[in-house]
Trainee: 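Quick one: structure below, then a few questions.
Heavy-atom basis, side chains included; hydrogens, waters and symmetry copies ignored. Each ligand, and each atom within it, is numbered from 1 in the order the structure gives.
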Amino acid sequence: MDNIMQVYLDNNATSMVSPGVREAMLPFFGELYGNPSSMHSFGGNVAKYVKEAREKVAAMFNVTPEEIVFTSCGSESDNHAIFGVLEAQPEKKHIVTTKVEHPAVRNVFKHLAKTRGYRVTELSVNKKGDLDLEEVKSSLTPDTALISVMSANNETGNIYPIGEIATLAKEKGIICHTDAVQAAGKINMDLQHIPVDLLSLSGHKIHAPKGIGVLFIRRGTRVSPFIIGGHQESGRRAGTENVPYIVGLGKACEEAVQFMDAEMHQVKALRDKLESGLMAAIPYSHINGDPEHRLFNTLNIGFEFVEGEAILMHLSKYGIAASSGSACTSGSLEPSHVLMAMGIPFSYAHGSCRFSLSRFTTDAEIDYALKVIPKVIQELRELSPFYTENK
Ligand code: PLP
């Protein structure tokens, strides 16, 4: 291939800081360096931007700024929600979650089961990765302290009916948390209509930098603080505020709201073009996930007779960045726990790749990807004895 293009199709792992976000942040690495808690003007000048950013994040979810707590990342928000809710209800020892959560939730529950005697119900998913609401309902008991279900899955893009799940929990007086790290900014999450008590968000998935997150805590929800110290975040999360990143996140949320409708069409059209092009050009390939209930930017395909890691390495040589599962778990040779929970056969679970787009993805990049990916898969298959025997 003569002209190698750099094509970033791994936005569910992390996304580019948008030019608007970068610009909004810059003054806070320069003249606006005060501590927002200080009484003098250096502090006051900065505190007003933190307040403004909190209002922008709150607006994205249609909640009040007082219900927004800034954290350092999505994982911290998930940990804060889970440990905070359980500590506030020590008498209850049962937790409900799913088999397809991100490790930032799943491994916390595994840890709690192992070290603190919690009983954890992991809800199963069907072949498309969908949950059964009847199973959700029957899993909730008087001893259940918390149900935590992600709003959208990082690997398949599947969107879960979090409004219905939160309503079921509410009927039984059970606290409901959702990890909305992949969903926030991509689907409309009006929390006046989705009665979750807690929600996690991560800045770097929505064009803010890495190292900033949010935990939404609905007014009246009992949650113990996760980081104890000063009075910041109304005593719910101590530590001097990460002002530049908070400002960046506020801007990113504002932009997400501004671009969401357009993205829903533009990014989806590019994702669909990539999907139909690859499915037409590459035999023995399968879409992983629920095509009807999926984030508009995500495509997960299982290719038979090839290894996901090999595909990624070859694509990388041609400038294309994708992922073979969640970035945090790739590197291990185990197939992804999400695909395993869906009962995806080993024959293509191992050869699965995730392509995730953003509003910065262009038509020319998708054309290039459609030229390169089928070529790479074909070359790798020619090397596979399974392929030559079975084709
Ligand atoms: N939850 C989900 C669904 C994710 O996809 C991720 C990151 O990939 C996280 C949580 C963790 O977020 P962070 O990287 O900000 O800790």
Side-chain angles (χ1 to χ4, degrees), residues 8-17 21 57 68-83 97-111 122-123 125 129 131 148-160 162 165 177-187 189 196 198-216 226-227 237 239 242 245-246 248-249 252-253 256 288-289 293-300 321-332 336-339 341-342 354-358:
Y8 188 73
L9 297 177
D10 204 11
N11 286 278
N12 287 11
T14 198
S15 63
M16 180 182 109
V17 174
V21 166
V57 178
I68 298 298
V69 176
F70 289 113
T71 65
S72 68
C73 60
S75 301
E76 184 190 321
S77 301
D78 287 339
N79 275 258
H80 185 159
I82 296 167
F83 283 104
T97 186
T98 77
K99 287 191 185 334
V100 296
E101 298 300 309
H102 187 273
V105 167
R106 198 158 172 256
N107 288 348
V108 176
F109 288 144
K110 280 192 182 163
H111 170 80
E122 280 196 337
L123 301 165
V125 293
L131 287 166
S148 179
V149 175
M150 66 199 331
S151 301
N153 186 269
N154 42 304
E155 297 190 31
T156 58
N158 271 28
I159 297 172
Y160 292 106
I162 197 64
I165 292 168
H177 163 251
T178 190
D179 175 336
V181 164
Q182 295 292 342
K186 295 187 192 120
I187 55 177
M189 297 205 72
V196 290
L198 300 118
L199 174 148
S200 307
L201 168 142
S202 173
H204 71 104
K205 312 290 184 181
I206 59 164
H207 305 296
K210 293 150 201 64
I212 183 74
V214 159
L215 179 62
F216 156 77
F226 188 57
I227 297 184
R237 199 273 188 188
N242 186 353
Y245 285 59
I246 288 174
L249 180 59
C253 288
N288 297 320
H293 301 105
R294 222 178 4 162
L295 294 175
F296 58 73
N297 77 320
T298 306
L299 170 62
N300 191 314
S323 165
S324 67
S326 116
C328 322
T329 51
S330 62
S332 93
S336 119
H337 72 280
V338 175
L339 300 183
M342 290 161 65
R354 177 188 72 186
F355 305 99
S356 47
L357 288 64
S358 82

Trainee: So, is Ser75 polar-close to ligand 1, with some N/O to N/O distance under 3.5 Å?
Mentor: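 So ligand 1 has an N or O lying under 3.5 Å from an N or O of Ser75.
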Trainee: If you count the atoms of ligand 1 from 1 in the order shown, which ones are under 4.0 Å from a heavy atom of Cys73?
Mentor: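 Result: 15 (O), 16 (O).
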Trainee: Going through the distances and angles, do Tyr8 and Thr14 end up as a side-chain contact (heavy atoms from CB on, under 4.5 Å)?
Mentor: CA-CA 10 Å; Tyr8 188 73; Thr14 198; 3.5 Å; yes
Trainee: Answer side chain, backbone, both or neither: which part of Glu101 comes under 4.0 Å from ligand 1, heavy atoms only.
Mentor: neither
Trainee: Quick check on contacts: which atoms of ligand 1 are under 4.0 angstrom from a heavy atom of Ser202?
Mentor: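 Going through ligand 1 atom by atom, the ones under 4.0 Å from Ser202 are 13 (P), 15 (O).
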Trainee: I'd like to check which ligand 1 atoms, numbered from 1 as shown, lie under 4.0 Å from a non-hydrogen atom of Asn154.
Mentor: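 Numbered from 1, ligand 1 contributes 3 (C), 5 (O).
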Trainee: Looking at Ile212, is its backbone amide N or carbonyl O close enough to the side chain of Ser72 to form a donor-acceptor pair, meaning the two atoms are under 3.5 Å apart?
Mentor: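 Not a single qualifying donor-acceptor pair exists.
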Trainee: Grab the two heavy atoms, one from Asn153 and one from Gln182, that are nearest each other, plus how far apart they are.
Mentor: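 Heavy atoms only, the tightest pair is C-CG, 4.4 Å.
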Trainee: What atoms in ligand 1 come closer than 4.0 Å to a heavy atom of Asp179?
Mentor: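 Near Asp179, meaning under 4.0 Å from one of its heavy atoms, ligand 1 has 1 (N), 2 (C), 3 (C), 10 (C).
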Trainee: Numbering the atoms of ligand 1 from 1, which are under 4.0 Å from a heavy atom of Asp78?
Mentor: 10 (C)
Trainee: With a 4.0 Å heavy-atom cut-off (strictly under), which part of Val105 contacts ligand 1: side chain, backbone, both or neither?
Mentor: neither
Trainee: Would you mind running through ligand 1 and noting each atom that sits below 4.0 Å from a heavy atom of Gln182?
Mentor: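 Listed by number with element: 3 (C), 4 (C), 5 (O).
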Trainee: Please work out, at 4.0 Å between heavy atoms, whether the side chain, the backbone, both, or neither of Lys210 comes within that distance of ligand 1.
Mentor: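 None of Lys210 does.
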Trainee: Asn12 and Thr298: side-chain donor and acceptor closer than 3.5 Å?
Mentor: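 Result is yes, a qualifying pair exists.
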Trainee: Among His102, Glu155, Glu76, whose heavy atom sits nearest atom 9 (C) of ligand 1?
Mentor: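 Of the listed residues, His102 has the closest heavy atom.
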Trainee: How long is the straight-line distance from CZ of Phe70 back to OG of Ser77, given to the nearest 0.5 Å?
Mentor: 10.5 Å
Trainee: Should Ile206 and Cys253 count as side-chain neighbours, where that means a heavy-atom distance under 4.5 Å?
Mentor: yes
Trainee: Less than 3.5 Å between some nitrogen or oxygen of Gly74 and one of ligand 1, yes or no?
Mentor: yes
Trainee: Please report the shortest heavy-atom distance between Ala180 and Ser151, naming the atom on each side.
Mentor: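 It is CB-OG, 3.6 Å.
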Trainee: Using atom types as modelled and distance alone, determine if a side-chain donor or acceptor of Arg354 lies under 3.5 Å from a backbone N or O of Gly157.
Mentor: no
